[in-house]
Protein chains: 2
Amino acid sequence: MDHLDAARLLAAECLCFRSRRTARAITRLYDAALRPTGLQATQLTLLGAIALGDDGAQPMGRLSDILALEISTLTRNLRAIEAAGLVTIGRSPTDRRVRVARLTDAGRTRLETALPHWNRAHEALLRTLGEAGAEDLHKALDTASRALGAAPGALPPADPA
Amino acid sequence: MDHLDAARLLAAECLCFRSRRTARAITRLYDAALRPTGLQATQLTLLGAIALGDDGAQPMGRLSDILALEISTLTRNLRAIEAAGLVTIGRSPTDRRVRVARLTDAGRTRLETALPHWNRAHEALLRTLGEAGAEDLHKALDTASRALGAAPGALPPADPA
DNA sequence: GGTTATTGCTTGCATATGCACATATCGAGC
DNA sequence: GCTCGATATGTGCATATGCAAGCAATAACC
């Protein structure tokens with residue numbers, strides 16, 4: 001196995017390369033569509049995950065599980081949307097170690113106003129991939145996330161088929 | 001459509017969220033396996049893409065197409081492996097704007113020695129996803145990359161089916 | 001062959017990501 | 001109620017990623 005065989009094997013088989021490349025391309029598409037909202041795709045995702053919690057609030061640990069994101073990354077990613085006034089960060093009353101992100105009214109509004117822009121990107125991607133391609137990708141990604149340990153609730157219920 | 005509906009729609013449908021989450025999880029797996037090699041998954045991918053070129057050299061523009069990576073990102077990602085002595089960066093003799101990354105002997109060696117570690121991650125992922133899950137993911141990602149404009153040669157030939 | 005448009009890349013700025021380590025808090029035993 | 005291990009998070013460091021603006025070299029056009 002010389003270095004050229006190694007390179008060919010990587011190019012042909014590596015799922016890390018593939019998953020990252022696809023994520024980059026898709027993210028650029030969504031980021032472009034979201035430009036008018038002042039949010040990046042990552043930030044909209046984070047806002048949405050927070051909105052899913054009771055009273056529009058989620059403890060960081062839960063966000064970490066839902067998003068499969070390191071808690072240290074989460075700490076910093078929250079700063080941008082906190083600085084923008086979209087969320088506030090408080091402590092849990094029952095466990096003072098736990099920090100809870102809570103949507104502000106501005107956050108709620110931003111989420112609603114951003115959705116149509118998200119949808120433009122979403123529709124554009126569906127057109128690009130085709131109905132079947134999008135469906136296959138969606139399923140394959142969910143299957144992989146489940147296998148790699150995404151939190152229950154972070155995904156739609158498993159297909160009983 | 002209130003903010004909660006918006007959040008539920010994002011959680012259920014967003015392919016940007018899904019592709020990024022999966023890429024994160026997979027990358028952590030590969031990075032952990034590659035730790036002993038001193039390379040990150042991204043760097044191994046880059047090294048591999050360079051190795052595929054004639055004489056183990058690729059112009060940056062070509063790398064950008066293969067990897068679907070912004071040229072500005074490429075500039076910086078090359079620095080780490082250049083500093084590590086794994087590649088050299090020169091100019092094309094025929095067009096002095098063009099920069100060409102070329103594998104050094106150390107780069108070739110590193111690629112070969114890293115491959116078994118890559119393979120450990122690869123095998124682990126295949127076990128985790130199952131044969132069918134891995135195959136589905138691989139195909140879906142390649143289909144998406146093709147649709148989103150990956151360079152020919154950056155992917156295996158299209159399935160004639 | 002000189003002007004202009006295009007191309008290839010770099011830099012400045014901002015966010016995203018993760019690991020190792022440090023800190024604060026909690027819970028279990030004693 | 002003190003100690004110790006476990007848990008939740010923050011910080012320092014490093015890389016990854018992309019856009020906008022700039023620079024240098026080439027190509028296109030007249």
Side-chain angles (χ1 to χ4, degrees), chain A residues 16-17 19-36 38-47 58-65 67-84 86 89-101, chain B residues 16-17 19-36 38-47 58-65 67-84 86 89-101:
Chain A
C16 184
F17 161 42
S19 63
R20 290 186 71 86
R21 180 182 48 186
T22 302
R24 279 195 295 268
I26 292 179
T27 301
R28 279 196 293 254
L29 192 95
Y30 280 79
D31 274 347
L34 290 173
R35 195 86 36 90
L39 287 174
Q40 303 201 208
T42 302
Q43 298 171 336
L44 179 59
T45 297
L46 183 47
L47 221 49
Q58 296 269 35
M60 286 185 56
R62 172 109 184 98
L63 289 174
S64 172
D65 291 341
L67 303 172
L69 201 58
E70 276 296 307
I71 201 108
S72 64
T73 301
L74 203 45
T75 297
R76 288 174 243 250
N77 290 2
L78 280 170
R79 287 201 188 137
I81 58 176
E82 188 192 14
L86 306 178
I89 316 281
R91 288 181 186 279
S92 161
T94 57
D95 185 340
R96 291 213 299 237
R97 291 171 302 182
V98 174
R99 284 186 171 270
V100 177
Chain B
C16 184
F17 161 41
S19 64
R20 290 186 71 85
R21 180 181 49 185
T22 302
R24 279 194 296 269
I26 291 178
T27 302
R28 279 196 292 255
L29 188 87
Y30 280 79
D31 274 347
L34 289 174
R35 196 84 38 91
L39 287 174
Q40 302 200 212
T42 302
Q43 298 171 337
L44 180 59
T45 297
L46 184 47
L47 222 50
Q58 296 270 35
M60 286 185 57
R62 172 107 184 103
L63 289 174
S64 173
D65 291 341
L67 303 173
L69 201 58
E70 276 296 306
I71 200 108
S72 64
T73 301
L74 203 47
T75 295
R76 287 172 243 252
N77 290 3
L78 279 170
R79 286 201 188 138
I81 58 175
E82 188 191 14
L86 306 178
I89 317 280
R91 289 180 185 279
S92 159
T94 58
D95 184 340
R96 290 211 304 235
R97 290 173 301 184
V98 174
R99 284 188 172 270
V100 177

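Chain identifiers are assigned alphabetically (A, B, ...) following the order of the sequence lines, protein sequences preceding nucleic acid strands; residue numbering begins at 1 within each chain. Fair warning: this is a prediction, and the values are worked out from it, not measured in the lab. Side chains included, hydrogens not; waters and symmetry mates left out as well; all remaining heavy atoms used.
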- prompt: How is B/Arg20 classified with respect to the nucleic acid when contacts are heavy atoms under 4.0 Å: base, sugar-phosphate, or nothing?
  reply: sugar-phosphate
- request: Round to a whole Å and report the spacing from CG of B/Leu67 to P of D/dG18.
  value: 10 Å
message: Using a heavy-atom cut-off of 4.0 Å across all strands, would you classify A/Leu69 as base, sugar-phosphate, or nothing?
response: sugar-phosphate
query: Under 4.0 angstrom, heavy atoms only, what part of the nucleic acid is B/Thr73 near: base, sugar-phosphate, or nothing?
result: base
message: Name the residue from A/Leu39, A/Leu86, A/Leu74 that meets the side-chain contact (heavy atoms from CB on, under 4.5 Å) definition with A/Leu46.
response: A/Leu74
- prompt: With no angle test and no hydrogens, is the base of D/dG10 tied to the side chain of A/Arg91 by a donor-acceptor pair under 3.5 Å?
  reply: no
task: Might you point out which heavy atoms bring B/Ala101 and B/Leu78 nearest each other, and give the distance in Å?
output: CB-CD2, 4.1 Å
message: Please report the distance, rounded to the nearest Å, between CD in A/Glu82 and P in C/dA16.
response: 14 Å
field: Pairing residues for A/Ser19 by the side-chain hydrogen bond (donor to acceptor under 3.5 Å, both in side chains) criterion, not counting sequence neighbours
entry: none
field: A/Met60 CE to C/dT17 C1', straight-line distance once rounded to whole Å
entry: 14 Å
Could you list the protein-to-nucleotides 2-4 of chain D atom pairs, N/O on both sides, closer than 3.5 Å?
none

task: Test for a donor-acceptor pair under 3.5 Å between the base of C/dC9 and the side chain of B/Ser72, counting only N and O atoms.
output: no
statement: Result for 5'-nearest mapping on DNA chain C, choosing between A/Leu78 and A/Pro93, is A/Leu78
- request: Quick one: label A/Arg79 by what it contacts on the DNA or RNA (base, sugar-phosphate, nothing), any heavy atom closer than 4.0 Å.
  value: sugar-phosphate
query: Within the pair B/Arg76 and D/dT15, is there a side-chain N or O less than 4.0 Å away from OP1 or OP2?
result: no
- request: For the side chain of A/Gln40, starting at C-beta, report the closest nucleotide among C/dC9, C/dT15, C/dT17.
  value: C/dT15
- prompt: Between the base of D/dT7 and the side chain of A/Arg97, is there any donor-acceptor pair under 3.5 Å?
  reply: yes
field: Whole-Å distance separating the CD1 atom of A/Ile71 from the P atom of C/dA16
entry: 16 Å
Nearest heavy-atom neighbours spanning A/Arg91 and A/Arg97: NH1-O, 4.4 Å
query: How about B/Phe17 and A/Leu44: do any of their side-chain heavy atoms sit closer than 4.5 Å?
result: no
query: For A/Thr42, which contact category applies under a 4.0 Å heavy-atom criterion: base, sugar-phosphate, or nothing?
result: sugar-phosphate
Residue met sooner reading DNA chain C from 5', once A/Asp95 and A/Asn77 are mapped to nucleotides: A/Asn77
message: Between C1' on D/dA8 and CD on A/Glu70, what's the gap in Å once rounded to a whole number?
response: 13 Å
- request: Quickly work out the B/Gln43 CD to D/dT15 C1' distance and round it to whole Å.
  value: 7 Å
- line: Heavy-atom nearest nucleotide on DNA chain D taken for A/Gly61 and for B/Arg96; more 5' hit belongs to A/Gly61
statement: Within residues 23-36 of chain A, those residues having any heavy atom closer than 4.0 Å to DNA chain D are A/Arg24, A/Arg28, A/Arg35
